[in-house]
Protein chains: 2
Amino acid sequence: MPYLKKVIPAPEPVDCRILTAALDLFVNKGFHNVSVHDVQKQAEVSIGSIYNHFGGKEGIAKALYEHLLLEMQDLVDCAINDKTTAVERCNEIISQLFHYTETHRNIISYIFHPRHNEFITDEPPICNSAPFVTIRDAIQQGIDSGEIRACNLWVAASAIYGAPIRMIHLRLDNVIEEPLPNLLDEVLESVWQGMLAEEAGIHSEKKLSLA
Amino acid sequence: MPYLKKVIPAPEPVDCRILTAALDLFVNKGFHNVSVHDVQKQAEVSIGSIYNHFGGKEGIAKALYEHLLLEMQDLVDCAINDKTTAVERCNEIISQLFHYTETHRNIISYIFHPRHNEFITDEPPICNSAPFVTIRDAIQQGIDSGEIRACNLWVAASAIYGAPIRMIHLRLDNVIEEPLPNLLDEVLESVWQGMLAEEAGIHSEKKLSLA
DNA sequence: GTCTATATCCAGATAGAC
DNA sequence: GTCTATCTGGATATAGAC
C-alpha cells in the first residue's frame, strides 16, 4: 500500500523523540525531578531503548546539551556573517536570542540554565563553549577597532549581554509579561548609550558622583 | 571550673550548625546531590535533630532561603538609607554585592541561584521578594525624578543590574579571576554611560545604526 | 534494536529509647 | 531535644525474551 506512506506521517526517529521529551521535562520540572520513567512515558518508548541510545539520564542531558550548543553556534555564526560592525553583530545576536526566547522557549531555557555541571559531570562552564567564545571575540574586535569603549573584556561582555540575558531569565520566569522583541530597542539603547537621563550638562556632573 | 567557660569556645547552636553545613553543601554540590546524611555528618548532629528542627531537607533549604533574604534586605536598606540619589543608591548596592561575593561567597551563590523553585516548592520568583522590590522602587524613583532615563522598569532594572549580576555569576563560576571590587568602577561607568566609544561626533551616527 | 520484568541501591522519613 | 536503628518508596540500571 504505497499510498499510505504519504498519508501516514513518518514517525519521528526514536532518539529524537527521546530528546524532545527530555528537553520538555527537564526544563519544566528540573533535571533532578525527572525520572527515566517519565521520559520513557512521554517519549512513548521503552526504558531499554533509552539506555541503548544514551546510556542513562545523564547521557540524555549531555547529548541534548551538545546538540543545542551547535544550534547556538549556528545562530551566532549567522549573525556575525550577516553584519560587519561589532555593534551590529551584538545587536543581531541579542535580537535573535530574544526571538528564540519566544519561539523556542525550551531551548533557551536549557542553554541558559546556569548550573549544567550540577547534572552533567565534568562539563566546563558554558561561557567557555564555542558560541560564547565567538561572541567575546566579536567584542574584542570591536574594542580593537575603537568602536567599543576600551575596557576589561569581561566587563564589556557583561555590559553588553548582561541586561539582555537578565531579561531572558525574567521572561522565562514569567516575570516579564511582554514578548522580549517588543523591548529590544529600549534595551539596545541603554546598552550603548547608558542609563543616565540625557539632560544637557548633567553628564559631567553625574560622572563625578560615580567614583 | 568557671575558667573553662572562657577557654573553651561555646559550641554553635545546633540549628546554626545545620544551616551552615547545608549552605556549604548545597552551594558546592547542588541541592539534589546532597543527602540529609551528608548534612548530618558535616554538621555533626544526628538525623533526628535535623528532622526536629527543620522537618526535612526542603525545610532546611527554605529556612536558609528566608534567612538569607533577610540579610539581603538589610544590605539593601542600609544602602538606601546611606545615600540620597538613585544613582548613588544603585552604585552602593552593586558595590556591596561585589564585596559580598568575595567575602560571603556561599551566601551570594545561594541567593543568586536561579532556580529555587526546583527544590523549594511554591516559592515565588526571587525578584518578587522584598529586597528586590525595594531595589526596583529605588529605580522607579530615579526615573520619576528625571535622574534615570525614562523607560520600561524591567528594562531599566536589567540595564542597571544585569551587568553586575552577570559578573557575579561569572565570578562564582571562577571564570572571572579578578576580585569583583577591582572591576567596580569600570562596570558602573558602562552602566551609566553606555558602551559606545566616546569619540567626538560618533554618538549621533551610531544612534542611527541601533534601530 | 526494542521491549517487559526484575534486581539493587539509596534517599527521605519515622519510631521509640534515652 | 537528641540519638540509633529501621522502614519504605522510588530511582537507576540490567537481564533476557522477542
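Hydrogens, waters and symmetry mates play no part in the numbers below; they use all other heavy atoms, side chains included.
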field: Atom pair OG/CD1 of B:Ser158 and A:Ile165 - distance to nearest 0.5 Å
entry: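 The CD1 atom of A:Ile165 is 11.0 Å from OG of B:Ser158, to the nearest 0.5 Å.
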Atom-to-atom span, [atom1] of [X] to [atom2] of [N] - whole angstrom:
X: B:Phe26; N: C:dA11; atom1: CZ; atom2: P; answer: 14 Å
X: B:Asp38; N: C:dA11; atom1: CG; atom2: P; answer: 7 Å
X: A:Lys41; N: C:dT4; atom1: NZ; atom2: P; answer: 13 Å
X: A:His37; N: C:dA5; atom1: NE2; atom2: P; answer: 12 Å
X: A:Phe54; N: D:dT12; atom1: CZ; atom2: P; answer: 16 Å
X: B:Leu25; N: C:dA11; atom1: CG; atom2: P; answer: 13 Å

field: CA sep, side-chain torsions, deciding dist, call: B:His104, B:Tyr110, side chain to side chain contact (heavy atoms under 4.5 Å, CB included)
entry: CA-CA 10 Å; B:His104 301 74; B:Tyr110 193 77; over 6 Å; no
Pairs: protein N or O with nucleotides 1-4 of chain D N or O, under 3.5 Å:
residue : atom : partner : partner atom : Å
D:dT2   : OP2  : B:His53 : NE2          : 2.8
D:dC3   : OP2  : B:Ser46 : N            : 2.9
D:dC3   : OP2  : B:Ser46 : OG           : 2.8
D:dC3   : OP2  : B:Ser49 : OG           : 2.9
D:dC3   : O5'  : B:Ser46 : OG           : 3.3

Between [Y] and [X], is the closest basic N to carboxylate O distance under 4.0 Å?
X: B:Arg149; Y: A:Glu189; result: yes
X: B:Arg171; Y: B:Glu178; result: no
X: B:Lys29; Y: B:Asp38; result: yes

query: Closest approach of B:Leu172 and B:Ser109, non-hydrogen atoms and distance?
result: CD1-CA, 3.7 Å
